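For reference, the structure discussed in these notes is given below.
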Amino acid sequence: MDSQWNGQFSRYDRVTRTGEHNRTVIQAGGGEIGGDEFIVMAGPCAVESERQLLETAEAVAAAGARILRGGAYKPRSSPYSFQGLAEDGLKILEKARAATGLAIVTEVMAPEDVALVAEYADIMQVGMRSMENYSLLEALGPCQRPVLLKRGAGARLEDLLQSAQIIAENGNPNIILCERGIRTFETTTRNTLDISAVPILKAVSHLPVIVDPSHACGVRSLVPALARAATAIGADGLLVEVHPCPDEALSDGMQSLSFDQFRAMMSDLQPYLAIRESRRAVVAELLVAQGEG
Ligand code: PEP
Ligand code: MN
């Protein structure tokens, strides 16, 4: 761990990096997150219909995504917005997995839903509004599925690590940290991507770190640029919203990419993946130099 942050984070000892434990590689759906591969998770904000999800699953798989995202339980700010298909949505996700082989990441909002969501999901998503729902974090401890823990919009990195520590302390060490933008005084974008969260979290924690550029900016034209920045700086992967018809999406259409835009984003990432590889070699050398390798 970087000595600068040593004292600040060392009490979260289940999730902070040590010489012996400097990397957690998470197995999900036959792939690895936090290993050498860069993993892209993509799909609609919400599961809306079988057709919408299956079409999206096929398109994102063909473009190189490894994991399909889609919310069946949606934490909406307004009671008048689409709230998700609940268990019917989970069943559609299962069909999409069977059709494409993609693993599934989907949100769980309540402790009492953990068992049901775990029957369908390969990865359990904790949304930014739930990062401090301590009974949910505790309920994910005994769950056998990896957890994708999103940073709260008003949460410090320390708060994120504390929430991860709670999940780990309750028995589940398989946690993926996700930077998805924080609330700042800037209102031009939906949130502000805290890009420095990636190298800091990678330095202090052994957990995989991914970036969600979609919720970070809230506008689809910016998503590919933020994805490139996240890749170059060393994230382990991305979580990206994609919809067959973004302007008709029932949630988060403004930030959702069309299939063509997602394909273009993936191919434009190639040189940045090479940068990421060379940076990883540099980081590995530094760790060896510090006796941590
Ligand atoms: C989502 O992934 O669709 C979502 C609701 O994200 P967040 O919790 O980051 O707002
Ligand atoms: Mn969304």
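The structure presented is a predicted model; accordingly, all values stated were derived computationally and were not measured. Note that ligands are numbered from 1 as they come in the structure, with each ligand's atoms numbered from 1 the same way.
Going from atom OH of Tyr272 over to atom OG1 of Thr231 covers 9.5 Å, rounded to the nearest 0.5 Å. Atom CG in Asn172 sits 11.0 Å away from atom CZ in Arg145 (nearest 0.5 Å). Distance check, rounded to the nearest 0.5 Å: CG of Leu239 to CG of Asp212 gives 4.5 Å. Between the OG atom of Ser205 and the CD1 atom of Ile200 there is a distance of 12.5 Å, given to the nearest 0.5 Å.
Glu241 contributes atom OE2 as its closest N/O/S atom to the Mn ion (ligand 2). When you scan the N, O or S atoms of Asp252 for the one nearest the Mn ion (ligand 2), you land on OD2.
Within the structure, the ring-ring contact (aromatic ring centres under 6.0 Å, His included) test picks out no pair touching residues 37-88 (sequence neighbours left out).
Using a 4.5 Å heavy-atom cutoff, the side chains of Leu193 and Glu179 are in contact. Looking at Gln27 and Glu32, their side chains come closer than 4.5 Å, going by heavy atoms from C-beta outward.
Within 4.0 Å of ligand 1, protein heavy atoms belong to Cys45, Arg69, Lys74, Glu107, Gln125, Gly127, Met128, Arg129, Lys150, Arg180, His215, Glu241, listed by chain and number.
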